[in-house]
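Just so you know, residue 1 is the first one in the sequence shown, and it goes up from there. What you see is a predicted model, and the numbers here were worked out from it, not measured in a lab.
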Amino acid sequence: MDYRVNNEALVGSVIMQVVRKGPCEVPFATGMVNLLMQANLRKKAMQTPANDTKTLMAIYGQLNGDLLGVIVNSMTMLTEGGCLRRNGNQLEVTENGLRLCEEIERGDCELLTEVLSDINEIFFKYESIDTDVLYHQMWIDV
């Protein structure tokens, strides 16, 4: 039933799984979701060793802003829906959000399953890179 999943729902599901890994800054969550949603870049990141920071940075630098509006809409809906909360510049999952994450994992969306199967490895690779350097790759001033 993938044809019924709209962009905000799919992106929102990925946002929830990213933030579930632990509180993270809004720009980091935005970049990770953007990377995870682009199959070609996700594949490159999966094939890149975790210690190859230069290549991981180059992959991150290829991200574009095509999904930015959808990501912002999804974050807003999840926040207003009580699944996410902002603590300064950090996003955190609420108790309602944890229940939503459990439901997401039981879902039956082929694309979402594919994205979520790669999330742990990609998150691990990028979480050790200095966020200021990552933001610079996306032309974000902090």
Exercise. Any side-chain heavy atom of Lys44 sitting closer than 4.5 Å to one from Gln62?
Worked result: yes

Seminar exercise, completed: OH of Tyr60 to CG of Leu35, rounded to nearest 0.5 Å, is 7.5 Å

Seminar exercise, completed: Rounding to 0.5 Å, atoms CE (Met57) and OH (Tyr126) come to a distance of 8.0 Å

Problem set entry | Which atom of Ala29 lies closest to which atom of Val18, heavy atoms considered | CA-CG1, 4.2 Å

Exercise. Quick one: are Leu84 and Met16 in side-chain contact, heavy atoms under 4.5 Å?
Worked result: yes

Exercise. Who else is in the cluster with Val72 when I, L, V, M, F, W and Y are joined by side-chain contacts under 4.5 Å?
Worked result: Leu68

Seminar exercise, completed: Sorted by chain and residue number, the side chain to side chain donor-acceptor pair (under 3.5 Å) partners of Arg99 (sequence neighbours excluded) come out as Asn96

For this session: Grab the two heavy atoms, one from Gln90 and one from Pro23, that are nearest each other, plus how far apart they are.
Result: OE1-C, 3.3 Å

Exercise. Which heavy-atom pair separates Glu114 from Ser117 by the least distance, and what is that distance?
Worked result: O-OG, 2.7 Å

Problem set entry | Note, Lys21 side chain near Asn120 side chain (heavy atom, < 4.5 Å) | yes

Seminar exercise, completed: Those residues at least two apart in sequence (or on a different chain) that pass side chain to side chain donor-acceptor pair (under 3.5 Å) with Glu92 are Arg85, Asn87

Seminar exercise, completed: What one should report as the nearest heavy-atom pair of Lys125 and Met46 is NZ-O, 3.0 Å

Problem set entry | 4.5 Å side-chain heavy-atom contact, Pro27 and Asn89 | yes

Problem set entry | Separation between CG of Asn73 and CG of Leu67, rounded to the nearest 0.5 Å | 11.5 Å

For this session: Answer with yes or no whether the hydrophobic clustering places Leu41 together with Phe124; edges join I, L, V, M, F, W, Y residues whose side-chain heavy atoms lie under 4.5 Å apart.
Result: no

Problem set entry | Heavy-atom pair of closest approach, residues Ile104 and Ser13 | CD1-CA, 3.6 Å

For this session: Is it possible for you to say whether Met77 and Met75 belong to one hydrophobic cluster, with membership spreading through side-chain heavy-atom contacts below 4.5 Å?
Result: no

For this session: Please round to the nearest 0.5 Å and tell me the distance separating atom CD1 of Ile15 and atom CG of Leu100.
Result: 11.0 Å

Exercise. Distance from Lys54 atom NZ to Thr48 atom OG1, nearest 0.5 Å?
Worked result: 13.0 Å

Problem set entry | Nearest-0.5 Å distance, CD of residue Glu8 to OG1 of residue Thr76 | 10.0 Å

Exercise. Is any side-chain heavy atom of Val33 less than 4.5 Å from a side-chain heavy atom of Val11?
Worked result: yes

Exercise. What's the shortest heavy-atom distance between Val93 and Gly97, and which atoms?
Worked result: CG1-C, 3.5 Å

